Asks: 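Could you have a look at this structure, given as structure tokens, before my questions?
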Amino acid sequence: MPVRLLTGADVSRLLTMEACIAVMADVLAALSRGEAMQPLRTVLRLPGDRGAFGVMPAQVSHPDAFGLKVISVFPGNEGTRFDSHQGAVLLFEPRHGTLAAIMDAAAMTAIRTAAVSAVATRLLARPDAGDLALLGTGVQARTHLEAMRAVRPLRRVRAWSRHEAHRRAFADWAGQRHGIEVETPGTAREAVEGADLICTVTASRTPVLIGAWIAPGAHVNAVGASLPDARELDTAAVVRARLFVDRRESAFSEAGDFLIPRAEGAISDEHLRGELGDLLVGRLVGREDETQVTLFKSLGLAVEDVAAAHVVHGEAERRNVGTLIELGGLREQAG
């Protein structure tokens, strides 16, 4: 059977941020309604603390699709020519179970992760929020800038990383790509003070965002840390925030930003208010007042990858994009 092979450039061209935001809202609502299967991912911690290898299967009912993402996460790649997230998304055809497409996982992860943050921002940030602070200047900072622009009119953007050259490179890229002036303060505190939108998209395993720095009424998307012993926010930041996640089960297993404050006794399980899907289907209320700090802890779900892959594959077929290869799937007939 022919299998469509799609590169990272193909994925980026076929999956627009606006379309992905809509698809992520739909699939998270479907997950909350019980119309998808989302087991915990299997993660191998590689020897020598080099990184992690994850296998993430999922199935969604509307549209009817199933598949998985296999991905390596090497935080040490930051600042090199290698992506920190590398792998493939495999999409299967639901009628006979044949493999339909193999597509680049790095591009998929970059777009859909930021799109989910956009969904969270739309649900939780104040309507007038537009002072954006990005902690981190890598791939996710770039897609998050695009995602935040899609859901809120930005009046100011600040970006910080530990490396001045990375800050300058990000500001140059944002100016050339989007015509946006990006300020590049030398400290994370300067970047977030007064901001009402904050995205933490670093490879740090220790806090880069301190609770005392967060302005009243701000919304935070915590994206970078995805292991139980890693976090980007300190305990005070989590304690003062109304916390939502993409999947409760995943947060209880993997979210160091939640698990570490809980282990310290600073919060209980009840501090986690619910999932984005609960907000999308009207089961829970998000922001309660204009001064409340809201927090979305992102871990990334396979249902998001499968739903996005379904859109990419459909567009690829429609436009005849990608390379077709034969990988079997048909029983050989006796001659």
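Here the structure is a predicted model, which means the values were calculated and not measured.
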Asks: Take a 6.0 Å sphere around CZ of Arg177 and say whether it holds more than 12 heavy atoms from other residues, nucleotides or ligands.
Replies: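 No, not enclosed.
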Asks: Which atom names give the shortest non-hydrogen contact between Val321 and Leu6, and what distance separates them?
Replies: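 Closest heavy-atom pair between Val321 and Leu6: O-CD2, 3.5 Å.
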Asks: Would Glu264 and Arg231 count as a salt bridge (charged side-chain N to carboxylate O under 4.0 Å, His left out) here? Give the steps.
Replies: CA-CA 14 Å; Glu264 294 172 348; Arg231 58 174 173 168; 3.6 Å; yes
Asks: CG/Leu233 to OG1/Thr206 distance, rounded to the nearest 0.5 angstrom?
Replies: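 With rounding to 0.5 Å, CG (Leu233) is 11.5 Å from OG1 (Thr206).
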Asks: Quick one: do Arg318 and Glu315 make a salt bridge, cutoff under 4.0 Å?
Replies: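 Salt bridge: yes.
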Asks: Test salt bridge (charged side-chain N to carboxylate O under 4.0 Å, His left out) on Arg168 and Glu164 and set out the steps.
Replies: CA-CA 6 Å; Arg168 288 200 309 266; Glu164 182 181 358; 3.2 Å; yes
Asks: Determine the interplanar angle of the His178 and Trp173 rings, folded into 0 to 90°, and report it as parallel if under 30°, tilted if 30 to 60°, perpendicular if over 60°.
Replies: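 If you compare the ring of His178 with that of Trp173, the planes turn out perpendicular.
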Asks: Any salt bridge linking Arg33 with Glu35? Criterion: basic side-chain nitrogen under 4.0 Å from a carboxylate oxygen.
Replies: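 Looking at Glu35 together with Arg33, the answer is yes, because their closest N to O distance falls below 4.0 Å.
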Asks: On a heavy-atom basis, which atom in Ala105 and which in Lys69 lie closest, and how many Å separate them?
Replies: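 Minimum heavy-atom separation between Ala105 and Lys69: CB-CD, 3.9 Å.
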Asks: Of all heavy-atom pairs between His166 and Thr137, which one has the smallest distance, and what is that distance?
Replies: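 Scanning both residues completely, I find the closest heavy atoms to be CB-OG1, 3.4 Å.
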Asks: Indicate the atoms forming the closest heavy-atom contact of Leu124 with Gly286, along with that distance.
Replies: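 The pair with the smallest heavy-atom distance is CD2-CA, 3.7 Å.
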Asks: Whether Asp49 and Arg205 form a salt bridge (side-chain N of Lys/Arg under 4.0 Å from carboxylate O of Asp/Glu) is what I want to check.
Replies: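 Answer for the salt bridge query: yes.
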